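Since the structure comes first, as structure tokens, the remarks are kept for the end.
Since the structure is predicted, the reported quantities are computational estimates derived from the model, not experimental observations.
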Amino acid sequence: MADEVLIDGRRVSLSRIGEGPPLVCLPGGPGFPGAHLGELGGVTRSRTLLRLDWRGAGDSEAPADGRHGVADYVADLAAVQDRLGLARMDLFGHSFGGIAAATYAAHHPERVARLVLDGTPDRLDDGRTPSGGAPGYFATWDDAAQGYLEGIMATLYSPAAEWFQANEFAACDLRPLLPQIQAPTFVLTGDQDWAAGTERATEMARAIPNGRAAAIAGAGHFAWYEQPDAYARAVLDFLA
């Protein structure tokens with residue numbers, strides 16, 4: 001089931017899956033549609049996921065000005081929240097989606113009830129890259145993992161990633177914003193996630209006034225795929 005909202009005449013789409021209170025979900029990229037989050041390992045057992053398609057991705061229309069900056073996504077999210085009629089929302093962000101979610105929570109503390117940051121780096125221009133290329137995104141690299149990653153990459157709206165890389169990547173740094181986040185925040189990572197990892201997640205949680213961290217054992221950047229039961233249990237325990 002899909003929801004659509006119009007922002008200055010531009011269609012922004014969310015796919016709705018699951019049962020229970022809503023959890024607004026921001027995928028990575030920028031440029032991925034929300035569908036690649038799947039059921040987040042089974043979070044749909046108790047929550048309705050409202051999975052946002054970033055501008056230009058999935059069923060969302062690209063912006064006429066071609067911009068794909070963090071501030072642009074924050075503005076889109078504010079408009080989506082207004083259209084959904086959610087005074088305060090539980091918010092989830094994976095990877096780049098976590099950067100947008102954390103920025104939103106810092107700038108709009110009154111609008112976020114609880115926040116989950118999954119696989120989210122606190123800064124980008126620090127030389128980190130996945131060890132060995134694509135296999136570095138997973139704790140276990142096999143044919144299934146390769147097929148999963150290839151399926152995700154096939155959905156990427158590449159102009160978004162290219163714009164962000166050229167314009168904002170080098171300056172992207174969450175560290176000054178983390179102390180401004182007031183919502184209870186769960187900083188989650190796979191214990192073998194090159195982008196975040198246990199040490200970085202712990203540092204981020206310490207910087208957030210009401211933050212805590214956890215690492216999913218035997219998982220990389222897509223922990224819900226590699227360890228679905230442990231992942232869903234951790235997220236649902238926090239949201240409960």
Side-chain angles (χ1 to χ4, degrees), residues 1-7 10-55 57-61 73-105 108-120 148 151-152 155 181-188 210 212 214 216 219 222-240:
M1 179 179 178
D3 294 276
E4 292 182 353
V5 301
L6 292 178
I7 302 175
R10 172 173 50 86
R11 183 178 69 250
V12 175
S13 180
L14 303 96
S15 56
R16 184 186 296 255
I17 185 172
E19 298 182 1
L23 175 64
V24 177
C25 298
L26 307 182
F32 284 110
H36 96 264
L37 298 172
E39 299 183 359
L40 289 180
V43 173
T44 49
R45 293 193 299 266
S46 300
R47 302 300 296 247
T48 298
L49 307 185
L50 300 178
R51 306 173 303 184
L52 181 70
D53 288 348
W54 286 132
R55 45 175 57 194
D59 292 326
S60 290
E61 293 179 326
Y73 293 119
V74 165
D76 284 356
L77 181 57
V80 166
Q81 184 173 6
D82 289 341
R83 302 300 195 279
L84 292 173
L86 298 173
R88 298 179 77 225
M89 63 180 169
D90 290 340
L91 182 61
F92 168 95
H94 175 250
S95 196
F96 173 84
I99 292 174
T103 304
Y104 189 85
H108 302 285
E110 75 286 353
R111 307 195 78 186
V112 179
R114 284 169 291 189
L115 177 65
V116 179
L117 306 177
D118 173 22
T120 300
Y148 180 79
I152 289 174
T155 69
I181 297 174
Q182 297 179 15
T185 301
F186 190 30
V187 185
L188 186 61
N210 196 3
R212 65 184 178 94
I216 303 297
F222 302 98
W224 68 78
Y225 165 77
E226 292 194 278
Q227 301 294 340
D229 292 341
Y231 184 91
R233 184 166 57 249
V235 173
L236 291 174
D237 284 351
F238 169 74
L239 292 176

Going through the checks in order, is the side chain to side chain contact (heavy atoms under 4.5 Å, CB included) test met by Arg16 and Leu14? CA-CA 6 Å; Arg16 184 186 296 255; Leu14 303 96; over 6 Å; no

Criterion side chain to side chain contact (heavy atoms under 4.5 Å, CB included) on Thr120 and Val187, from CA distance to verdict: CA-CA 8 Å; Thr120 300; Val187 185; over 6 Å; no

Step by step, would you call Thr185 with Asn210 a side chain to side chain contact (heavy atoms under 4.5 Å, CB included)? CA-CA 6 Å; Thr185 301; Asn210 196 3; over 6 Å; no

Side chain to side chain contact (heavy atoms under 4.5 Å, CB included) assessment of Leu188 paired with Phe238: CA-CA 11 Å; Leu188 186 61; Phe238 169 74; over 6 Å; no

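Summarising the geometry, atom CG belonging to Asp76 is positioned 4.0 Å from atom CZ belonging to Arg55; distances are rounded to the nearest 0.5 Å. Rounding to the nearest 0.5 Å gives a distance of 11.0 Å between OH of Tyr231 and CZ of Phe222. Atom CG in Asp59 sits 11.5 Å away from atom CG in Asp3 (nearest 0.5 Å).
Under the 4.0 Å criterion applied to side-chain N and carboxylate O atoms, Arg11 and Glu61 are assigned as salt-bridge partners. A salt bridge is defined here as a Lys NZ or Arg NE, NH1 or NH2 lying under 4.0 Å from an Asp or Glu carboxylate O, and Arg47 with Asp90 meets this definition.
Other residues, nucleotides and ligands contribute only 12 or fewer heavy atoms inside 6.0 Å of the CD atom of Glu19.
When every heavy atom of Ile181 is checked against every heavy atom of Ala102, the shortest pair comes out as CD1-O, 3.8 Å. For the residue pair Ile7 and Arg83, the shortest heavy atom distance occurs at CA-NH2, 4.3 Å. Residue Asp53 comes nearest to Val12 through the heavy atom pair O-CG1, 4.2 Å, listed as atom of the first residue, atom of the second, then distance. Contact between Val74 and His108 at its shortest, heavy atoms only, is CG1-NE2, 4.1 Å. Taking all atoms of both residues into account, the shortest heavy-atom contact from Leu115 to Ala101 is CD1-CB, 3.8 Å. Taking both residues in full, the closest heavy atoms of Pro184 and Ala113 are given as CD-O, 3.2 Å, listed atom of the first, atom of the second, then distance.
Residues forming a side-chain contact (heavy atoms from CB on, under 4.5 Å) with Gln81 (at least two apart in sequence, or on another chain): Leu86, Met89, Tyr104, Arg111.
Contact annotation: the side chain of Leu50 never approaches that of Val80 to less than 4.5 Å [non-hydrogen atoms, C-beta and beyond]. Counting heavy atoms from C-beta on, the side chains of Trp224 and Asp118 come closer than 4.5 Å.
With hydrogens and angles disregarded, a donor-acceptor distance shorter than 3.5 Å links the side chain of Ser60 to the backbone of Ser13. In this structure, Thr48 contributes its side chain and Gly20 its backbone to a donor-acceptor pair below 3.5 Å.
Below 30°, between 30° and 60°, or above 60°: for Tyr73 and Trp54 the angle between ring planes is between 30° and 60°, a tilted geometry.
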In residues 23-42, what donor-acceptor pairs under 3.5 Å come from side-chain atoms, sequence neighbours left out?
unit_1: His36; atom_1: ND1; unit_2: Pro33; atom_2: O; d: 3.1
unit_1: Glu39; atom_1: OE1; unit_2: Thr44; atom_2: OG1; d: 3.3

